[in-house]
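Since the structure comes first, as C-alpha cells, the remarks are kept for the end.
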Amino acid sequence: MLNMLRSSGVLSEQELMELPGVPSMELVEKGPVAVIECAEMIPCNPCEACCPTGAIKIGDDINNLPIIDAVKCTGCGLCIAACPGLAIFVVNGAHTKSEALVSIPYEFLPLPNIGDQVEALDRQGKKVCMAKIVQIRSSKKFDKTAIVSFTIPKERCMEVRHIRLSGGMQRKQ
Amino acid sequence: METELAIVGSGPAGLAAAIEAAKTGVKVTIIDENPRPGGQLFKQIHKFFGSEKHKAGIRGIDIGHELLEQCEKLNVQIFLRTEVWAVFDNGKALGLKHANNTTEKLNTRKLILATGAIENPLAFPGWTLPGVLGAGATQTLMNLHRVLPGQRVLMVGTGNVGLIVSYQLLQAGADVVAAIDILPQIGGWGVHASKIRRLGIPILTSHTIKEAFGNNEVKGAVIARVGQDNKVIPETERTLEIDTICIAVGLSPMAELAQSAGCQTIHIAELGGWTPMHNKRMETTIKGIYVAGDVCGVEEASTAMEEGKISGIAAAESLGYLQRGKAKELMKERQESLNALRAGPFATQSKLGKEKLIERFHKC
C-alpha cells in the first residue's frame with residue numbers, strides 16, 4: 001500500500017486513483033471539482049470544516065481519509081488554502097474544449113501576474129508544458145497561502161500540480 | 001521569590017499549562033533560558049494539522065502569539081534568559097540564574113517541567129565543519145533571524161522536520177539539492193514529501209552521508225546508497241556540490257532537570273529516549289512535579305499543548321483552585337482530544353510508548 005508515495009514522495013497513478021478524495025476523470029471533465037491528494041491517515045480535518053457545501057466528509061475520527069462528493073462540490077477552492085498539507089487542488093476539465101483550469105496552493109514570492117506564461121510542473125517537479133495564469137486569489141482567510149489558477153492542455157490536468165516562474169524563488173534545474 | 005506554580009519552559013506545553021492553571025486563579029511563573037518565549041512555535045511558519053480544537057490550519061507562529069497574549073491577560077509572569085540550575089526539596093524550590101548573572105531561589109508549591117527536546121547529532125567525517133547544522137538551528141536562523149545559512153543545501157533525514165525545513169529553505173530562496181534518508185521509506189508524512197517533490201527536490205531513500213569536505217567550511221558532501229544492512233554499497237558514491245548540510249535525524253527528550261530532581265525515568269525508544277515516568281495526570285514519581293510535551297516523549301506541538309493543559313488542570317486541582325469533579329471533567333475532555341491526535345497509524349509508536357510509560361509508572 002502506498003509504496004510509491006512512501007519511497008519517493010510521489011503518488012503513483014494507481015495510488016492516486018484509489019483515493020476517496022480524488023474524483024474520476026469522468027467527473028473532472030464535467031466541471032470544477034476538488035482533487036484531494038491525501039493518502040495517509042493523519043489526524044486532520046480543516047478541509048471538511050471549511051467546505052460550505054458539505055462536499056468533503058471525514059467524520060468523527062479525524063484520522064479518516066477525506067471523501068469528496070463531486071456532485072456537491074462547486075469547486076470554490078476554499079479547501080485549497082485550508083489544507084495544511086497543501087494537498088488539495090481544484091481541477092476543471094470542462095474549462096474550454098481543449099484546456100483545463102487548475103487551481104493550486106502557492107506559498108512563494110513573488111506571486112505570478114495574470115497573463116504570465118509559466119512552466120507547469122508535474123508531481124516530480126518536471127516541466128510537462130506551459131501554463132497561463134488566469135487568476136490569483138489571496139485573502140486574510142487564506143492566511144498567506146495564495147490560490148493560483150492557470151490553464152493548461154486538458155490532457156495534463158491530472159499531472160500538473162505546481163508552476164515555476166522564471167526568476168522566482170524556486171528550485172532551479 | 002514565591003509562586004504557586006512554577007513552569008520550566010515556555011514552549012507550547014509550558015504556555016498551555018500556564019493558561020489552564022492561571023484561568024482558575026493560580027499564580028503562575030514561567031522560566032525560560034531563551035531570549036523569547038514560545039519555544040519552537042515561532043519557527044513554525046507552516047499551518048498546523050489537527051481539528052479546529054487543536055488549532056488546525058493556523059500557523060505555529062500565530063498560535064505562539066495567541067498563547068502569549070492569553071498569558072499576558074492572565075498575568076502569568078515569564079522570566080526570560082533565566083536558567084534553572086537546580087530543583088530543590090522535591091520540586092518545592094528552584095535555583096535560578098538570571099540574565100544579569102544574579103542567582104535567586106524561587107519557592108513554589110507545584111512544578112511543571114516542560115523543557116522540550118534536543119536535536120540528535122549525526123557524526124560523520126567532516127561533521128564539525130562550519131556549514132553543518134541542525135534543522136532546528138536552520139529554522140532559527142532563517143525564520144527568526146532572517147538569515148539564510150547557505151545557498152545549496154543537503155538535507156539529511158526525511159522525517160517531518162527534514163521535509164518541512166526543506167520546503168521552508170526553498171521559500172526563503174535557497175536550493176535544496178537533495179533530501180536523503182538511510183531508511184528505505186520516507187520518515188515523514190506523504191503530503192510534506194509530495195510538497196517538496198513537486199518543487200523538484202529529489203528524495204533519496206536508502207542513502208547516507210559518507211563525508212563532508214572543505215577546508216574552513218562545507219564545500220561538498222559525498223553521499224552513497226546503502227544496502228539492507230545499512231552499509232554503504234561500494235561504487236554508489238556521489239559527490240554533491242553544496243555549502244550547507246542540515247541534520248534532521250530526530251529529537252531526544254531533555255529530561256536532565258527531571259532526572260536531577262529525582263523523578264524516575266525510563267528509556268522508551270518510541271518516545272525518543274530517557275523520559276520521566278508519569279501518570280495520566282502528567283504527575284511524575286515525585287508528587288507535585290508534573291511533566292508535559294516533548295520532555296516526556298517526542299511528539300507534535302498539538303499533543304504537547306494537550307499534555308500541557310492536562311498538567312495545568314492537575315496542578316490547579318491539587319492547589320485547591322479546581323474542584324475534583326470539575327477537574328475530572330476538564331481532564332477527560334483534554335484526554336479525548338489527545339486520543340484523537342494519537343489515533344492514526346502515524347502515532348502508533350508514540351501511543352505505544354506512552355502506554356508503556358504510564359504502565360511502568362503504576363508498577364513502581
Side-chain angles (χ1 to χ4, degrees), chain A residues 2-11 15 36-50 58 60-65 79 81-88 104-105 107-109 121-127 141-145 160-164 168-173, chain B residues 45-59 62 158 160 163 166-177 179 181 183-206 300 302-303 337 339-347:
Chain A
L2 298 173
N3 283 337
M4 269 296 282
L5 178 68
R6 298 255 159 82
S7 62
S8 72
V10 177
L11 284 157
E15 287 169 355
I36 309 174
E37 301 190 2
C38 179
E40 293 167 331
M41 296 182 70
I42 48 185
C44 192
N45 71 354
C47 57
E48 180 185 43
C50 80
I58 287 178
D60 287 339
D61 182 353
I62 59 169
N63 287 282
N64 289 338
L65 292 184
C79 52
C83 173
L86 306 188
I88 307 184
I104 63 164
E107 294 186 330
F108 291 86
L109 290 173
L121 311 178
D122 67 8
R123 292 185 185 83
Q124 301 176 54
K126 284 200 192 106
K127 179 191 165 186
K141 201 173 169 191
F142 297 167
D143 189 14
K144 301 180 187 78
T145 306
V160 171
R161 289 297 176 261
H162 201 65
I163 50 166
R164 180 164 50 217
M169 280 185 185
Q170 278 185 52
R171 182 143 211 274
K172 299 126 205 139
Q173 293 207 314
Chain B
I45 58 169
H46 59 280
K47 291 177 181 168
F48 276 32
F49 290 74
S51 71
E52 207 171 1
K53 63 181 175 212
H54 306 116
K55 302 190 188 297
I58 304 177
R59 295 180 192 276
D62 296 319
T158 65
N160 277 341
L163 299 172
S166 294
Y167 181 76
Q168 293 177 354
L169 277 159
L170 255 72
Q171 284 181 307
D175 189 9
V176 178
V177 175
D181 205 302
L183 297 174
Q185 295 207 321
I186 293 165
W189 291 347
V191 285
H192 289 311
S194 298
K195 220 163 77 174
I196 68 167
R197 282 305 311 272
R198 61 177 182 261
L199 293 165
I201 302 177
I203 297 180
L204 307 173
T205 50
S206 299
E300 302 283 329
S302 46
T303 45
S337 180
N339 293 347
L341 289 171
R342 288 186 185 141
F346 271 93

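Worth knowing before you read on, the calculation uses all heavy atoms, side chains too, and leaves out hydrogens, waters and symmetry mates. Lettering of chains follows the sequences in order, A, B, ..., and the numbering in each one begins at 1. Just so it is clear, the model here is predicted, and its values are computed rather than measured.
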Counting heavy-atom pairs under 4.5 Å with chain B, the top scorer among S8(A), P46(A), A49(A) is S8(A)

Residue from T145(A), L11(A), L2(A) scoring the most non-hydrogen pairs under 4.5 Å with chain B is T145(A)

- So, the side chain of R164(A) versus the backbone of G200(B): is there a donor-acceptor pair under 3.5 Å, distance only? no

- Please indicate whether Q185(B) has more than 12 foreign heavy atoms, meaning atoms of other residues, nucleotides or ligands, lying under 6.0 Å from its CD. yes

Given P105(A), A87(A), A81(A), the one with more heavy-atom pairs under 4.5 angstrom with chain B than any other is A81(A)

Honestly, the part of E37(A) sitting under 4.5 Å from a heavy atom of chain B is backbone

Here the gap from K144(A) atom NZ to H46(B) atom NE2, rounded to the nearest 0.5 Å, amounts to 14.0 Å

Discussion item. Please determine whether side chain to side chain contact (heavy atoms under 4.5 Å, CB included) holds for the pair H162(A) and L199(B), giving the CA-CA distance in whole Å, both sets of side-chain angles, and the decisive distance to 0.1 Å.
Written reply: CA-CA 7 Å; H162(A) 201 65; L199(B) 293 165; 3.1 Å; yes

Turns out that what part of R6(A) lies under 4.5 Å from chain B's heavy atoms comes down to both

Sorted by chain and residue number, the side chain to side chain donor-acceptor pair (under 3.5 Å) partners of D61(A) (sequence neighbours excluded) come out as N63(A)

From the list N45(A), I62(A), I42(A), side chain to side chain contact (heavy atoms under 4.5 Å, CB included) partner of F49(B) resolves to I42(A)

So, the part of R59(B) with a heavy atom under 4.5 Å from chain A: the answer is both

Smallest heavy-atom separation, A193(B) atom then G9(A) atom, equals CB-CA, 3.7 Å

Contacts of E300(B) meeting side chain to side chain contact (heavy atoms under 4.5 Å, CB included) (sequence neighbours excluded), chain-then-number -> N160(B), S302(B), T303(B)

Per side chain to side chain contact (heavy atoms under 4.5 Å, CB included), R198(B) is matched among V10(A), L86(A), D122(A) by L86(A)

Checked S194(B), A347(B), A340(B), G50(B) vs chain A; the most non-hydrogen pairs under 4.5 Å come from G50(B)

Turns out that what part of D181(B) lies under 4.5 Å from chain A's heavy atoms comes down to neither

(Q) Walk me through whether D143(A) and K47(B) qualify under salt bridge (Lys or Arg N to Asp or Glu O under 4.0 Å). (A) CA-CA 9 Å; D143(A) 189 14; K47(B) 291 177 181 168; 5.1 Å; no

One should read off an interatomic distance between R161(A) CZ and R197(B) CZ, to the nearest 0.5 angstrom, of 15.5 Å

Whatever's closer than 4.5 Å to a heavy atom in chain A on P184(B) counts as backbone

- Side-chain donor/acceptor of Q171(B) to backbone N/O of E107(A), under 3.5 Å: yes

When rounded to the nearest 0.5 Å, the distance separating CG of L204(B) from OG of S7(A) is 11.5 Å

